[in-house]
Undergrad: 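Quick one: structure below, then a few questions.
All ligand and atom numbering here is 1-based and tracks the order in the structure.
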Amino acid sequence: MAQIAKSSCPLNCWDCCGFSVSIEDGKITSIDGDKDHPITQGKICGRGRTLVDKTNSSKRLLYPLKRVDGKFLRVSWQQALDEIAAKMAELKYKYGSSSILHSHDYANSGLLKNLDQRFFNCFGGVTEVTGSICWGSGIEAQKWDFGNSHSHAPEDLLNSRHIVIWGRNVARTNLHLFQRLQQAKKKGIPITVIDPIYNATAKIANQHFSIKPGMDGLLAAGVIKEIVEQGLQDSQFIQNHSAGFEDLQSLIESISFEEICEKAEVSREIITYLAQVYAGGPVSTFIGLGMQRYSNGGNTIRLIDALVAISGNIGIPGGGANFGKLQVGQSFDIGALALPERKKESRQFTMMKQAEGILNAKNPGIKMVFVTCGNPALQVPDSNHVEKAFRSAETVVVIDHFLTDTALLADYVLPSTTVFEEEDIYYSSMDHHYVNYGPKLVDAPGETKSDLWVWTELAERLGFGEAFHFTRQEFIAMGLKPLASLGITYESLKEANHKELPVKKVPWQNKQFQTPSGKYEFTSQLGQIKGYESKLALTLPAESKWTNPYQAKKYPYSLLTIHPLRSNHSQHYDLIQGLGRLKVEISPDLSENLQISEGDLVRVWNERGEVNGFAAVMKAAHPGTINIDEGIWKKFGGSINVLTSDRESDNGMGSTVYDCLVNIEKITQL
Ligand SMILES: Nc1nc2c(c(=O)[nH]1)N[C@H]1C(S)=C(S)[C@@H](COP(=O)(O)OP(=O)(O)OC[C@H]3O[C@@H](n4cnc5c(=O)[nH]c(N)nc54)[C@H](O)[C@@H]3O)O[C@H]1N2
Ligand SMILES: Nc1nc2c(c(=O)[nH]1)N[C@H]1C(S)=C(S)[C@@H](COP(=O)(O)OP(=O)(O)OC[C@H]3O[C@@H](n4cnc5c(=O)[nH]c(N)nc54)[C@H](O)[C@@H]3O)O[C@H]1N2
Ligand code: SF4
Ligand SMILES: [Mo]
């Protein structure tokens with residue numbers, strides 16, 4: 001008889017679904033959506049279901065491995081941990097603790113995954129990665145504008161008169177928003193999608209506007225210009241609750257509609273249409289991560305925020321510049337888990353430039369790289385450079401479930417448990433405001449151990465074991481402390497499986513912003529304090545015919561590397577038959593002009609690298625656009641990040657992985 005238990009999806013995703021998991025004879029046999037979860041409502045995606053195969057996979061790492069003479073040998077935990085701890089102690093003594101780089105991403109949304117920081121802080125502080133390849137530019141942009149990144153409650157979109165999906169691939173990446181869009185459509189609320197690719201969300205929309213990649217800031221400026229020229233702006237909001245509008249006004253006066261339309265490759269009618277939509281609010285704008293992964297990404301999001309603000313769509317039901325939902329993560333006491341005060345030294349590299357950081361670090365140089373919850377060999381831009389950097393470190397330690405491309409660069413590979421083998425609570429600061437409980441449901445296979453067990457054992461050996469003398473339950477309770485007075489405790493969460501966090505359903509309703517001035521800032525004081533251009537600007541991507549004509553001549557096409565449908569980044573490619581094939585999607589004009597047909601072998605290249613794959617012709621996409629889904633393993637033709645640049649975005653916090661020009665040609669063999 002199968003036993004059914006509730007759990008949570010741990011994957012880095014907008015949706016943080018509640019699971020209903022079947023267990024038979026100590027094995028996970030199937031996963032469904034939790035029908036009682038207010039957002040999940042019984043429906044999950046294929047990536048969630050594939051966690052059955054992930055958990056039971058014969059490819060999982062089951063024992064610690066050590067590289068000896070270029071080959072991996074199985075070693076005992078005792079040996080691996082003794083040697084890693086001894087190396088860390090030696091490096092700290094000889095060079096200081098910041099000679100170790102902790103490279104990570106956010107592959108698991110469990111609260112206790114934050115304990116990696118506790119370990120490295122108690123060790124004395126290491127070199128850390130800051131910013132985010134994912135959404136760094138957009139989050140920073142919203143901090144400059146609003147002081148924080150807050151979205152409306154999921155159901156609030158039904159209060160809108162119009163919904164704009166701007167650079168978010170909802171049908172593929174954000175399942176439950178897609179369901180809500182379908183609901184809104186049934187209610188007759190029109191939907192507009194702005195995206196260079198005619199994707200599955202565009203298919204259900206009333207309007208799809210294609211745009212030249214990276215030019216959305218110009219489009220937003222054009223719509224602001226039209227609204228202001230027609231006097232349709234919300235003067236009350238601008239006068240009483242904002243700062244710097246005059247700078248925005250000068251900016252829009254400095255450009256003509258013709259120039260905007262020429263560079264963004266949109267028609268004048270689109271600007272008029274959007275001006276009517278925004279002025280006729282309430283409009284929910286769902287800002288995706290697409291157009292902020294450019295050199296001008298921060299500024300692009302700030303111009304879209306500005307459009308939402310001047311049109312009176314901030315702080316009203318059915319409105320909002322919905323990007324991140326940081327209130328969710330901010331509900332927990334992460335500081336109590338991470339103990340930042342125990343850090344004695346520290347240094348920071350941005351996530352994007354970790355390779356350059358490793359290669360150029362001085363006083364101290366980077367001697368060890370410790371990787372958790374990430375696969376930087378594939379996912380970090382300019383991956384040829386990343387590989388070179390990782391190879392230059394004396395010791396690389398990777399904790400993972402599989403022998404990933406990053407693990408293949410390691411000296412020690414430590415096998416970790418997956419979601420159903422450890423207890424934790426899960427949340428995502430992206431879309432909704434529920435926290436889920438995930439119990440331990442099955443025993444860990446082989447000698448796999450939780451990340452927390454590894455930190456505890458290493459801490460013991462390094463002399464700060466006391467920092468880890470807590471049970472998982474005690475750590476969870478520590479993180480939940482600020483919520484205890486609201487009845488959200490370890491016990492109540494375990495009992496209820498999920499709980500609603502106390503976040504504002506319509507943010508900024510009181511028009512009190514968290515900026516230095518307390519107002520919405522068109523010109524940002526925070527930007528100025530940090531030493532950046534504080535005024536909005538009409539900036540373009542770094543790789544375009546306007547900004548680098550010489551490069552654009554050699555590499556005329558825009559390469560997007562968007563998120564895969566069936567995999568969460570790199571995590572499912574080796575689990576699903578048929579996924580391991582590099583598909584190069586091209587816009588119809590490229591097929592016609594270059595005579596590339598469906599299935600043809602092609603080479604895509606630029607000055608940073610090249611990949612080979614099979615062509616697929618997109619039904620509709622902006623002319624001159626190529627897409628290759630990210631995450632594909634080296635053995636299947638990746639990493640596609642050999643093509644992308646490690647340049648940081650304009651506000652220093654984000655990646656520019658879609659700001660990428662390439663060329664393409666037909667070839668005869670792979
Ligand atoms: N299936 C699946 N779902 C996922 C993930 C996954 O790997 N697979 N990953 C999760 C994670 S970590 C994240 S961060 C989210 C990301 O969620 P999204 O933001 O929805 O996804 P992205 O793949 O980043 O691409 C967003 C969209 O931006 C468009 N785009 C690219 N450049 C531009 C531009 O210049 N202008 C405009 N207007 N649009 C542009 C792309 O065509 C794409 O449709 O998805 C999450 N969900
Ligand atoms: N070109 C291009 N590059 C991109 C993007 C893009 O759109 N285009 N998207 C970017 C975005 S949005 C993101 S979020 C990043 C994602 O970058 P990553 O987080 O590096 O990508 P994943 O493939 O999810 O790899 C995570 C690894 O962590 C492991 N893992 C999962 N859970 C655990 C755990 O509990 N413990 C440990 N120790 N390991 C675990 C997985 O097995 C996997 O190998 O990629 C970025 N890179
Ligand atoms: S990957 Fe996202 S949509 Fe799919 S089950 Fe997990 S949380 Fe839900
Ligand atoms: Mo992400």
Undergrad: Got P213 and Y658 here, is their nearest side-chain heavy-atom distance under 4.5 Å?
TA: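 Not touching, per the 4.5 Å side-chain cut-off.
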Undergrad: Do H37 and H176 make the cut of ring centroids closer than 6.0 angstrom?
TA: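 So the answer is no for these two rings.
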Undergrad: Say whether K54 and Q571, considering side chains only, have a donor N or O and an acceptor N or O under 3.5 Å apart.
TA: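 Side-chain D/A pair, K54 to Q571: present.
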Undergrad: In terms of side-chain heavy atoms, does D34 have a donor or acceptor partner in T40 at a distance below 3.5 Å?
TA: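 There is no such pair between these side chains.
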Undergrad: As an exercise, identify every atom of ligand 1 less than 4.0 angstrom from a heavy atom of G214.
TA: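 Close to G214: 34 (C), 35 (O).
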Undergrad: Answer yes when E457 and K449 have at least one side-chain N-carboxylate O distance shorter than 4.0 Å, and no when they do not.
TA: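 So E457 does not pair with K449 through a salt bridge.
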Undergrad: Heavy-atom contacts with P213 under 4.0 Å: which atoms of ligand 1 show up? List them by number with element.
TA: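 Near P213, meaning under 4.0 Å from one of its heavy atoms, ligand 1 has 35 (O).
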Undergrad: Which protein N or O atoms sit under 3.5 Å from any N or O of ligand 2? Give atom names and distances.
TA:
| unit_1 | atom_1 | unit_2 | atom_2 | d |
| --- | --- | --- | --- | --- |
| ligand 2 | 1 (N) | T561 | OG1 | 2.9 |
| ligand 2 | 1 (N) | N641 | OD1 | 2.7 |
| ligand 2 | 3 (N) | N641 | ND2 | 3.2 |
| ligand 2 | 7 (O) | T561 | O | 3.1 |
| ligand 2 | 7 (O) | H563 | NE2 | 3.1 |
| ligand 2 | 7 (O) | Y658 | OH | 2.9 |
| ligand 2 | 8 (N) | T561 | O | 2.9 |
| ligand 2 | 8 (N) | T561 | OG1 | 3.2 |
| ligand 2 | 9 (N) | H563 | NE2 | 3.2 |
| ligand 2 | 20 (O) | N375 | N | 2.7 |
| ligand 2 | 23 (O) | S570 | N | 2.8 |
| ligand 2 | 23 (O) | S570 | OG | 2.4 |
| ligand 2 | 24 (O) | Q571 | NE2 | 2.9 |
| ligand 2 | 28 (O) | G374 | N | 3.3 |
| ligand 2 | 35 (O) | N108 | ND2 | 3.1 |
| ligand 2 | 35 (O) | K113 | NZ | 3.0 |
| ligand 2 | 36 (N) | D451 | OD1 | 3.2 |
| ligand 2 | 36 (N) | D451 | OD2 | 3.2 |
| ligand 2 | 38 (N) | I399 | O | 3.0 |
| ligand 2 | 38 (N) | D451 | OD2 | 2.9 |
| ligand 2 | 42 (O) | D400 | OD1 | 2.6 |
| ligand 2 | 44 (O) | D400 | OD1 | 3.4 |
| ligand 2 | 44 (O) | D400 | OD2 | 2.6 |
| ligand 2 | 45 (O) | Q379 | NE2 | 3.0 |
| ligand 2 | 47 (N) | Q379 | O | 2.8 |

Undergrad: Would I197 count as a contact of ligand 1 if the rule is a heavy atom under 4.0 Å away?
TA: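 I197 counts as a contact of ligand 1 under the 4.0 Å cut-off.
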Undergrad: Taking atom 2 (Fe) of ligand 3 as the center, what protein N, O or S atoms are found at less than 2.8 Å?
TA: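 Only C13 SG fall inside 2.8 Å of atom 2 (Fe) of ligand 3.
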Undergrad: Using distance alone, determine whether R168 and ligand 1 share an N or O pair under 3.5 Å.
TA: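 Looking only at distances, the answer is no, because the N/O contact criterion of under 3.5 Å is not met.
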Undergrad: Hey, is the main chain of G297 close enough, under 3.5 Å, to the side chain of S649 for a donor-acceptor pair?
TA: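 A pair under 3.5 Å: no.
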Undergrad: Can you name the atoms of ligand 1, numbered from 1 with element, that are less than 4.0 Å from a heavy atom of L565?
TA: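 Heavy-atom distances to L565 below 4.0 Å select 1 (N).
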Undergrad: What atoms of ligand 1 come closer than 4.0 angstrom to any heavy atom of R172?
TA: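 Reading through ligand 1 atom by atom, the close ones are 1 (N), 2 (C), 3 (N).
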Undergrad: Just to be sure I read this right, does ligand 1 sit under 4.0 Å from the backbone of M215, its side chain, both, or neither, counting only heavy atoms?
TA: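 No part of M215 comes within reach of ligand 1.
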Undergrad: Check the pair D431 / R180 against salt bridge (Lys or Arg N to Asp or Glu O under 4.0 Å), numbers first and verdict last.
TA: CA-CA 12 Å; D431 187 52; R180 291 194 292 279; 2.9 Å; yes
Undergrad: Distance under 4.0 Å to a non-hydrogen atom of N199: what atoms of ligand 1 satisfy this?
TA: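 Per the distance check, 44 (O).
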Undergrad: Consider only side-chain N and O atoms of N169 and N199, and report whether a donor and an acceptor are under 3.5 Å apart.
TA: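 Result is yes, a qualifying pair exists.
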Undergrad: How about T644 and N641: does a side-chain donor come under 3.5 Å of a side-chain acceptor?
TA: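 Result is yes, a qualifying pair exists.
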Undergrad: Which is it for I211 and W166 under the side chain to side chain contact (heavy atoms under 4.5 Å, CB included) test, yes or no, and what are the steps along the way?
TA: CA-CA 11 Å; I211 185 165; W166 206 323; 5.6 Å; no
Undergrad: Which of the atoms in ligand 1, numbered in the order shown and given with their element, are less than 4.0 Å from a heavy-atom of D216?
TA: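 So the atoms of ligand 1 that pass are 34 (C), 35 (O), 36 (N), 37 (C), 38 (N).
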Undergrad: Do NZ/NE/NH1/NH2 and the carboxylate oxygens of R293 and E630 come within less than 4.0 Å?
TA: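 E630 and R293: not salt-bridged.
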Undergrad: Looking at K635, I'd like to know if its NZ atom is crowded, meaning that more than 12 non-hydrogen atoms belonging to other residues, nucleotides or ligands lie closer than 6.0 Å.
TA: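 Result for NZ/K635: enclosed.
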Undergrad: Anything under 30° is parallel, anything over 60° is perpendicular, the rest tilted; go ahead and classify W77 against W453.
TA: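 Correct class here is perpendicular.
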Undergrad: Any carboxylate oxygen within less than 4.0 angstrom of a Lys/Arg side-chain nitrogen, looking at R47 and D15?
TA: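 Salt bridge flag = no for D15 with R47.
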Undergrad: Is there a polar contact, in the sense of an N or O pair closer than 3.5 Å, between R566 and ligand 1?
TA: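 No - when backbone and side-chain N and O of R566 are compared with those of ligand 1, no distance drops under 3.5 Å.
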Undergrad: Between R49 and D32, does at least one N-O distance fall below 4.0 Å, as a salt bridge requires?
TA: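 Salt bridge flag = yes for D32 with R49.
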Undergrad: Report yes if I194 has an N/O atom closer than 3.5 Å to an N/O atom of ligand 1; otherwise report no.
TA: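 Right, the criterion is met.
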